[in-house]
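Take a look at the structure set out below.
Below, read A as the first sequence line, B as the second, and so on, with proteins coming before strands; counting in each chain starts at 1.
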There are 2 protein chains.
Amino acid sequence: MEPIRVLVVEDDPIAADAHAEYVRRLDGFALAGVARSGAEAMALLSAASAGGAGAQAGPPGIDLILLDMNLPDAHGLDLLRRVRGLGLPADVIAITAVRELQVVRSAISAGIVQYLIKPFTYSAFSDKLGAYREFRLNLIGQAASTTQSEVDQAFASLRPAAPASLPKGLSEDTLRAIIGQLKTLEEPVSAAEVASTLDLSRVTARRYLEYLADGRSVRRSSRYGTRGRPEFEYRWAQ
Amino acid sequence: MEPIRVLVVEDDPIAADAHAEYVRRLDGFALAGVARSGAEAMALLSAASAGGAGAQAGPPGIDLILLDMNLPDAHGLDLLRRVRGLGLPADVIAITAVRELQVVRSAISAGIVQYLIKPFTYSAFSDKLGAYREFRLNLIGQAASTTQSEVDQAFASLRPAAPASLPKGLSEDTLRAIIGQLKTLEEPVSAAEVASTLDLSRVTARRYLEYLADGRSVRRSSRYGTRGRPEFEYRWAQ
DNA sequence: ACTCTTGCGTTCATACTGGTCGCGGCCTCC
DNA sequence: GGAGGCCGCGACCAGTATGAACGCAAGAGT
C-alpha cells in the first residue's frame, strides 16, 4: 500500500513542526510538504498536481491536507474554496484553534473530512488520521464499481463515534446530559438544582460539575445571601 | 425549528418528482425547488443566496442539495465544484445511479455529506436525510462556540446506520427476537428485562442491544434514581 | 462579639449493573 | 464420525450512582 501523502498548512513554525513530526510518526502516511501560507500551499498543490495528476500512477499528488484556518494571507476557508474550485482530489482535515460554530459549519459544508480543535493530544490526532486511512482503504480496496453498503462502510469508518476518554467514575451519557442542561439554561445553577432536574443525586451532579469546572468548560462561583453554607453555582463558559 | 430547505437537482422528470415527493413526506424538510439541469440549479442557487445570504435571518437560502451526477449540460461533480467555488453554505447529498469508484471518491473529496446509490427505497432515503437532520441539530443547537466532542458528535450522526452484514457472534434469529420484543414494548427496557422475558442471558441480550444502539436503531439512555450502578435502558427508535 | 442555626460541600461505604473471559453445547463441513 | 467454528452462558471484576455521616462557612440571634 502506498503511503498517503500529507501536506501540512500552518503558519506557526512550532505547530507546523509538531504536525509534521506527528505525521512522520504514523504508519501509512508520508509528509509531502509544509506550507506556511496560503500562497505557498497553492504553489505546492499545483506543482504536485501538475506532476502527478492525470496520469494513472503519478507518484506525487497530495492526498490529504492538514489545514489551519488562521493563515497570514488568507482564511483557511478561502484556501479551501480555491482548492475545491480547482477540483483537486485532496481531502482536507481542518486543524485549528478556531472554535466558532460558524466556521465549523462552513468548513463542513465546504467538504472537510475531519475537524480537529487545537490544542489536541497526539492520540486525538492519531485517531483522526487513522480513521481517514481506514476510510481510504475501504474505498480503494474495492473494485471499480461499488455498492451502497460499501459506500456506507467507508463513511462509517470516517465518522467514528469515539469521543475523548473520561476519567474513571464518569460516564459519557451522564456528562452529556449535564452539559445539555447547562447549555439550555442561561442562568447559573447549583449542583442541587441540576440534580433535581435530571433526577440525579446531588453528589453525582456535583462530581460532573466539578470535572467540567476543572476543564474550564464551566465557571464556578459562590452564591451568598441565604442562610447556611454558601452554595456553588455553575455556568457554562462562553 | 425551521425546516431544512432542499433543492432537488435531477434531469429525469419521474425521478425528480419522486425525490420531491419523498422530501415533502419528511418532517423537518421543505422543498425549495427542483432543477432539471446544471444551469437551472446554478440559477436557483444564486437567486436563493442573493435573497437570503449575508443577512442574519434571511428566510430563503438552500441548506441541502440532492444532486444527481448525470445532468444534461454538466457533470454533477462540475456543478458541485462550481457551488463550492462560490462558497455557498449548502450541503450536498449525492443521489445517483453512478457507482464508479472514481466518481464516488471524487464526490467525497469534493465534500458531499452522503452518497446514495439509485435505485433506493424510501427507507434508505429517509435514513440518509434523517441522519443529516440530526447532524444539523447537533451543530446548530449549540452555542456560538463549540468543543471537540460536540464536533465529533455531529460527525458521528452523519455516520450511516447498520452495516448490512452481522458481525461475528450475533445470529439472525436472536436479533429478530430482540427486535420484536423491543417493538412490542413502548416503554424503554433494560438489558436484564429483555433477557428474562426472552429467556436469554443478560450478557447475550446486552450484546444485541448494544449492536442495535450502535446502528442507531435503538436509543440508549441511563436510568437513574435507584441505588447501584445505573442501568441502561433501550428503546426502539421510531 | 460570641454562639447557634442552617444547609451545602465532602467523604465513605454500599448496592447493583456493565463488561470481559473462557467454557460448553450444537451445528456444519469435511 | 471427527474437527472446527459459532453462539450463548456463568462467573468474575470493574465501574458508577446512591445515601448517610461529618464538617464547614455564612447569616441570625443574644
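Looking at B:Y208, its side chain does come within 3.5 Å of a backbone N or O of B:S171 through a donor-acceptor pair. Checked by atom type and distance alone, the side chain of A:R84 pairs as donor or acceptor with a backbone atom of B:S109 at under 3.5 Å. Formation of a donor-acceptor pair under 3.5 Å by the B:D63 side chain with backbone atoms of B:R5 is found in this model.
Note: B:H19 and B:F125 have parallel aromatic rings, judged against thresholds of 30 and 60 degrees for the angle between ring planes.
Taking atom CG of residue B:L175 and atom P of nucleotide D:dC7, one finds them 12 Å apart after rounding to whole Å. For B:R176 and D:dC7, the CZ to P distance is 14 Å, given to the nearest whole Å. One interatomic measurement links the two molecules: OH of B:Y224 to P of C:dT17, which rounds to 16 Å at whole-angstrom precision. Atom CZ of A:R206 is separated from atom C1' of D:dT16 by 15 Å (rounded to the nearest Å). Atom pair B:E193:CD and C:dC16:C1' shows a separation of 14 Å (rounding to whole Å applied). In this structure, CG of A:D173 is placed 12 Å from P of C:dG18, rounded to the nearest angstrom. Following rounding to the nearest Å, B:E233 (CD) and D:dA17 (C1') show an atom-to-atom distance of 15 Å. Separating the CD atom of B:E210 from the P atom of C:dT20 is a distance of 10 Å, rounded to the nearest angstrom.
Counting only Watson-Crick or G-U wobble pairs whose defining distances are both under 3.5 Å, the stems of 3 or more consecutive pairs in DNA chain D are C:1-30 with D:1-30.
Residue contacts for B:T226: at a heavy-atom cut-off of 4.0 Å it reaches the sugar-phosphate backbone alone, with no base atom in range. At a threshold of 4.0 angstrom between heavy atoms, the contacts of B:S190 with the nucleic acid are absent.
A donor atom on one side chain and an acceptor atom on the other are not found under 3.5 Å apart for A:R207 and A:Y211.
Of the residues in residues 194-205 of chain B, those lying under 4.0 Å from DNA chain C by heavy-atom distance are B:R202, B:V203.
For the OP1/OP2 pair of D:dC6 and a distance below 4.0 Å, the side-chain nitrogens and oxygens of B:S171 include no atom meeting the criterion. The phosphate of D:dT16 (OP1 or OP2) has no side-chain N or O of A:Y208 nearer than 4.0 angstrom.
Other residues, nucleotides and ligands contribute only 12 or fewer heavy atoms inside 6.0 Å of the CZ atom of A:R235.
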Where do B:S222 and B:F232 land on the side-chain contact (heavy atoms from CB on, under 4.5 Å) test, with the steps shown first? CA-CA 5 Å; B:S222 297; B:F232 287 146; 3.4 Å; yes
I'd like to know whether A:K118 forms a side-chain contact (heavy atoms from CB on, under 4.5 Å) with A:E10, so could you lay out the CA-CA distance, the side-chain angles of the two residues, the decisive distance to 0.1 Å, and finally the verdict. CA-CA 12 Å; A:K118 288 195 280 196; A:E10 166 70 62; 2.9 Å; yes
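Candidate nucleotides C:dG9, C:dG18, D:dT16 were compared by shortest atom distance to the side chain of A:E231, and C:dG9 ranks first.
Residues passing the side chain to side chain contact (heavy atoms under 4.5 Å, CB included) test with A:R24 are A:A20, A:E21, A:L31, sequence neighbours excluded. Residues that satisfy the side chain to side chain donor-acceptor pair (under 3.5 Å) test with B:T96, not counting sequence neighbours, are absent from this structure. Taking the side chain to side chain donor-acceptor pair (under 3.5 Å) definition, one finds that A:D68 meets it with nothing, sequence neighbours left out.
Taking both residues in full, the closest heavy atoms of B:P3 and B:F29 are given as CB-C, 4.0 Å, listed atom of the first, atom of the second, then distance.
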Every protein N/O lying under 3.5 Å from an N/O of nucleotides 2-4 of chain C:
none

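Mapping B:R229 and B:R207 onto DNA chain D by nearest heavy atom places B:R207 closer to the 5' end of the strand.
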